Amino acid sequence: MNPPSSVYADFNPEDYGLPNEQEIASWISGYTALPSNSPRAQPITEGVHPVIVAEQNARDSHTRAYFSDEKIGRIDTPLALRRVGSRSLKNIREDFPILAERIENKPVIWLDNAATTQRPKQVIERLVQYYEHENSNVHRGAHALAARSTDAYEAAREKIARFIGAPDKEDIVYVRGTTEGVNLVAQSYVKPLLNPGDEIILTQLEHHANIVPWQQIAQETGATLRIAAVDETGQILLSEYARLFSKKTRFAAFTHVSNALGVITPAEEMIAIAHCFGVAALVDAAQSVPHLPINVTALDADFLVFSGHKIFGPTGIGAVYGKKTFWEAARPWQGGGNMIADVTFERTQYRAAPAKFEAGTGNIADAIGLGAALDYVSAIGLAHISRYEHDLLEYATKTLSEIKGVRLIGRAAQKTGVLSFVLEGRSVEEVGQHLSKAGIAVRAGHHCAQPILRHFGLEATVRPSFAFYNLPEEIDALARVVRSLA
């Protein structure tokens, strides 16, 4: 099945004296990531960005003004939404086989990207290639297939380091995903530091994966958790966050992008505050790495974790970045083969990181698949992806906010492609079921982020979340169902 045709298929902008795609592209190329008076403002560039790209505040007024219901039956949908960088949306969508599926005899509309993204055929084919031509355990074999497998496995580690701006591929430890990464840091580095009365700082925005591991080690050691508050939009109150630090603080951990609200936290400032108190910080980048250019060196992050399946890669694979000094200080979490230098019954000598934290046979194929996913994203350009998804989010926010009875949760100025809402008079489950019958996949529940939803007086929300293969037409389809229920 071909992807849904564009609403612009029969629309010629020049018939209305409107700008063509090349003109719009030239305007977009001049956008900046932050207002010019921001200390973090940087022009968007290709490749690794020196800071996190936040809200695309500098918008060109031309694009907004040209489109109206009277002209094309749409509400301010930028013509730029037809392309991501140099590639058309039609061309991109053809890379994702699952987008040709049908649900309830309707084309699948995948708006559950915050839960997991879909895989392009380039990733799927890379996995097939591994199993057909390279399959072997790594590092220890003396034969040709072991060499092929090891080369591909370590090449993927290098790609991860380059993608997030890490100084060295040896700073990257493979894990099953963000959850295991947080647990690794909690158990290996932080737990040995803790004594009764010590404190760990989290925020109200956290996913359960960045709460429960800290609770567990706090209960085991007598430490306590302190929680940074958010304002009415869902953004971190930096002044309140800074006040939480004291001589008792041993560690800080926070999400870079809220999975429930899409709010982008001021990671650079939050890390700098922690460092002012001599405290190391972990960044949960599960929801930011797929959408925003990140450079861990520029951020000065001590640890950063993310999952492959959130960035168009396989499930069951992820990575932890850590500064060398912290990996050297951390103790191994698991013991076994691959992580040892020498073993006797009296003592064991461990290898240096990353092997020190990679006991046993790793998830070799999916690590290589993650490398292929990063290649795919890099070829399109995260700056282009970020810009496109921002425009898509703006359109979705405007479209849903005009529906009577819709309450959007988390209206911070700096957000990525997540909308969280409730509909007056309808349960979250009811909305989710109606959307599913229309072939539209969204998340309906607490999103493993109960504390932040309860902050807004809720137990659950409906959460459509976007990726660069999504279309404005898909947002229209979502809105039609919600409008019919309203």
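Numbering of residues begins at 1 and proceeds along the displayed sequence. Remember, predicted model here, so these are calculated numbers, not experimental data.
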Heavy atoms only: give me the nearest [X]-[Y] pair and the separation to one decimal.
| X | Y | value |
| --- | --- | --- |
| L370 | P314 | N-CD, 3.6 Å |
| V422 | A460 | CG1-O, 3.6 Å |
| V418 | N259 | CG1-O, 3.9 Å |
| A285 | F306 | O-CB, 3.9 Å |
| A372 | V123 | C-CG2, 4.0 Å |
| S136 | I364 | O-CD1, 3.5 Å |

How far does [atom1] of [X] sit from [atom2] of [Y], to the nearest 0.5 angstrom?
| X | Y | atom1 | atom2 | value |
| --- | --- | --- | --- | --- |
| N363 | R176 | CG | CZ | 10.0 Å |
| I385 | R87 | CD1 | CZ | 10.0 Å |
| T179 | L184 | OG1 | CG | 12.5 Å |
| L99 | L471 | CG | CG | 8.5 Å |
| I164 | Y321 | CD1 | OH | 7.5 Å |
| Q414 | I236 | CD | CD1 | 12.5 Å |

Would you mind reporting whether [Y] and [X] have side-chain heavy atoms less than 4.5 Å apart?
| X | Y | result |
| --- | --- | --- |
| V406 | L423 | yes |
| P464 | F421 | yes |
| P167 | T297 | yes |
| L478 | T399 | no |
| L304 | I294 | yes |

inquiry  = Using side-chain contact (heavy atoms from CB on, under 4.5 Å), reason through W110 and I98 one step at a time and then give a plain yes or no.
reply    = CA-CA 9 Å; W110 186 256; I98 203 167; over 6 Å; no
message = Holding to side chain to side chain donor-acceptor pair (under 3.5 Å), I want the full list of residues that pass it with S88, two or more places apart in sequence or in another chain.
response =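 If we apply the side chain to side chain donor-acceptor pair (under 3.5 Å) test to S88, skipping adjacent residues, there are no hits.
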ask   = Taking only residues two or more places apart in sequence or in another chain, which ones pass side chain to side chain donor-acceptor pair (under 3.5 Å) with K324?
value =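 By the side chain to side chain donor-acceptor pair (under 3.5 Å) rule, K324 matches D168, D171.
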Using a strict cut-off of less than 4.0 Å between a Lys/Arg side-chain nitrogen and an Asp/Glu carboxylate oxygen, indicate whether [X] and [Y] qualify as a salt bridge.
| X | Y | answer |
| --- | --- | --- |
| R483 | E402 | no |
| E394 | K398 | no |
| K323 | D300 | yes |
| R93 | E474 | yes |

With distance as the sole test, does [X] use its side chain to make a donor-acceptor pair with the main-chain N or O of [Y] at under 3.5 Å?
| X | Y | answer |
| --- | --- | --- |
| Q204 | V230 | yes |
| Q287 | A114 | yes |
| S386 | L292 | no |
| H455 | P451 | no |
| S420 | L261 | no |
| Y241 | M270 | yes |
| S307 | K310 | no |
| R148 | H133 | yes |
| D302 | L282 | no |
| E206 | T255 | yes |

task = Verify side-chain hydrogen bond (donor to acceptor under 3.5 Å, both in side chains) between Y130 and D366, making sure each step is shown before the conclusion.
result = CA-CA 9 Å; Y130 171 79; D366 291 334; over 6 Å; no
query = Given E134 and R126, is the salt bridge (Lys or Arg N to Asp or Glu O under 4.0 Å) satisfied, shown in steps?
reply = CA-CA 11 Å; E134 300 162 309; R126 186 63 185 90; 2.8 Å; yes
ask   = Between Y395 and D476, is any side-chain donor less than 3.5 angstrom from a side-chain acceptor?
value =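 The criterion, which ignores hydrogens and geometry beyond distance, is satisfied for D476 and Y395.
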inquiry  = Checking side-chain polar atoms at under 3.5 Å, does D284 have a donor or acceptor matched by the opposite partner on H207?
reply    =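 Per modelled atom types, D284 and H207 side chains form no pair under 3.5 Å.
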inquiry  = Checking H291 against H256 for the ring pair (Phe, Tyr, Trp, His ring centres under 6.0 Å) test, could you report, in this order, the C-alpha distance in whole Å, the side-chain angles of both residues, the deciding distance, and whether it holds?
reply    = CA-CA 11 Å; H291 308 291; H256 188 195; over 10 Å; no
Would you please classify the geometry between the [Y] ring and the [X] ring as parallel, tilted or perpendicular, with 30° and 60° separating the classes?
| X | Y | value |
| --- | --- | --- |
| F357 | W327 | tilted |
| F326 | F303 | tilted |
| F312 | F96 | perpendicular |

inquiry  = Evaluate T416 against L393 for side-chain contact (heavy atoms from CB on, under 4.5 Å), listing each step before the verdict.
reply    = CA-CA 7 Å; T416 60; L393 175 65; 5.8 Å; no
query = Please, which pairs that meet salt bridge (Lys or Arg N to Asp or Glu O under 4.0 Å) have at least one residue in residues 449-459, sequence neighbours excluded?
reply =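 Sorted pair list: R454-E459.
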ask   = Hey, mind stepping through H384 and R387 against side-chain hydrogen bond (donor to acceptor under 3.5 Å, both in side chains) and telling me if it holds?
value = CA-CA 5 Å; H384 295 306; R387 188 179 302 127; 3.2 Å; yes
query = Is it the case that more than 12 heavy atoms not belonging to E424 sit under 6.0 Å from its CD atom?
reply =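 Counting other residues, nucleotides and ligands, CD of E424 stays at 12 neighbours or fewer.
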ask   = When you look at CZ of R426, are more than 12 heavy atoms from neighbouring residues, nucleotides or ligands closer to it than 6.0 Å?
value =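 Yes, because the 6.0 Å sphere around CZ of R426 holds more than 12 heavy atoms from other groups.
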Quiz item: cation-pi between R157 and Y153, 6.0 Å / 45° =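 Pair R157/Y153 counts as cation-pi.
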side-chain hydrogen bond (donor to acceptor under 3.5 Å, both in side chains) between Y469 and D95, intermediate numbers included = CA-CA 9 Å; Y469 45 59; D95 285 341; over 6 Å; no
inquiry  = Run L392 and I475 through side-chain contact (heavy atoms from CB on, under 4.5 Å) and show every step you take.
reply    = CA-CA 9 Å; L392 201 63; I475 293 169; 3.7 Å; yes
inquiry  = With side-chain contact (heavy atoms from CB on, under 4.5 Å) as the criterion, how do F254 and V283 come out once you've worked through the C-alpha distance, each side chain's angles and the decisive distance to 0.1 Å?
reply    = CA-CA 5 Å; F254 62 88; V283 180; 3.8 Å; yes
